[in-house]
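Note sheet for the following structure.
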Amino acid sequence: MKHLCSISWILLIIGGINWGLYGLLGIDLVAMLLGGIPILAMIVYLLIGASGLYAAYGMITKKGCCK
């Protein structure tokens with residue numbers, strides 16, 4: 001479970017940086033890095049979304065690493 005929490009937080013940080021760059025400069029970092037492989041970029045976006053749901057669940061239920 002500890003590894004899942006670490007991976008989740010790393011993905012949330014990547015997602016936050018990506019949204020910050022997109023809002024500030026219009027740069028989509030994930031698409032820029034993985035633009036040549038759109039299915040891989042889609043997988044990264046899905047994993048970031050799942051990490052957000054996992055963190056929200058942990059915050060609401062007070063379970064997991066998101067206490």
Side-chain angles (χ1 to χ4, degrees):
M1 198 64 136
K2 183 178 178 181
H3 296 296
L4 182 61
C5 289
S6 298
I7 292 168
S8 177
W9 280 109
I10 289 169
L11 287 170
L12 286 173
I13 291 168
I14 291 169
I17 291 170
N18 189 53
W19 274 107
L21 285 173
Y22 188 76
L24 186 64
L25 304 171
I27 297 171
D28 188 350
L29 186 62
V30 173
M32 185 170 53
L33 293 175
L34 303 172
I37 312 168
I39 189 73
L40 190 56
M42 184 177 70
I43 291 170
V44 169
Y45 287 130
L46 288 172
L47 289 173
I48 290 171
S51 295
L53 290 174
Y54 178 71
Y57 171 77
M59 289 175 64
I60 292 168
T61 63
K62 308 286 189 223
K63 295 180 180 178
C65 65
C66 305
K67 294 180 186 178

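Here the structure is a predicted model, which is why all the values come from computation and not from measurement.
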Assigning hydrophobic clusters by single linkage (Ile, Leu, Val, Met, Phe, Trp, Tyr; side-chain heavy-atom cutoff under 4.5 Å), is [X] placed with [Y]?
X	Y	answer
Ile39	Val30	yes
Met42	Val44	yes
Leu25	Met32	yes
Ile7	Tyr54	no
Ile14	Leu12	no

>> Could you measure the distance from the CG atom of Leu29 to the CG atom of Leu34? Nearest 0.5 Å is fine.
In response: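 Separation between the atoms: 8.5 Å.
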> Roughly how far, to the nearest 0.5 Å, is CG of Leu46 from CG of Leu11?
Replying inline: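 Nearest 0.5 Å value for the CG-CG distance: 11.5 Å.
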>> Side-chain heavy atoms under 4.5 Å apart, restricted to Ile/Leu/Val/Met/Phe/Trp/Tyr: what other residues fall into the cluster of Ile60, or is it alone?
In response: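 Under the 4.5 Å side-chain rule, Ile60 groups with nothing.
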> Can you name the residues that form a side-chain contact (heavy atoms from CB on, under 4.5 Å) with Leu24, not counting sequence neighbours?
Replying inline: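 Listed in chain order: nothing, the list is empty.
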> Quick one: side chain to side chain donor-acceptor pair (under 3.5 Å) pairs with a partner in residues 13-25, sequence neighbours left out?
Replying inline: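 For residues 13-25: Asn18-Asp28.
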> Do any N or O atoms from the side chain of Ser8 and from the backbone of Leu4 form a donor-acceptor pair under 3.5 angstrom?
Replying inline: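 Looks like no, no N/O pair under 3.5 Å.
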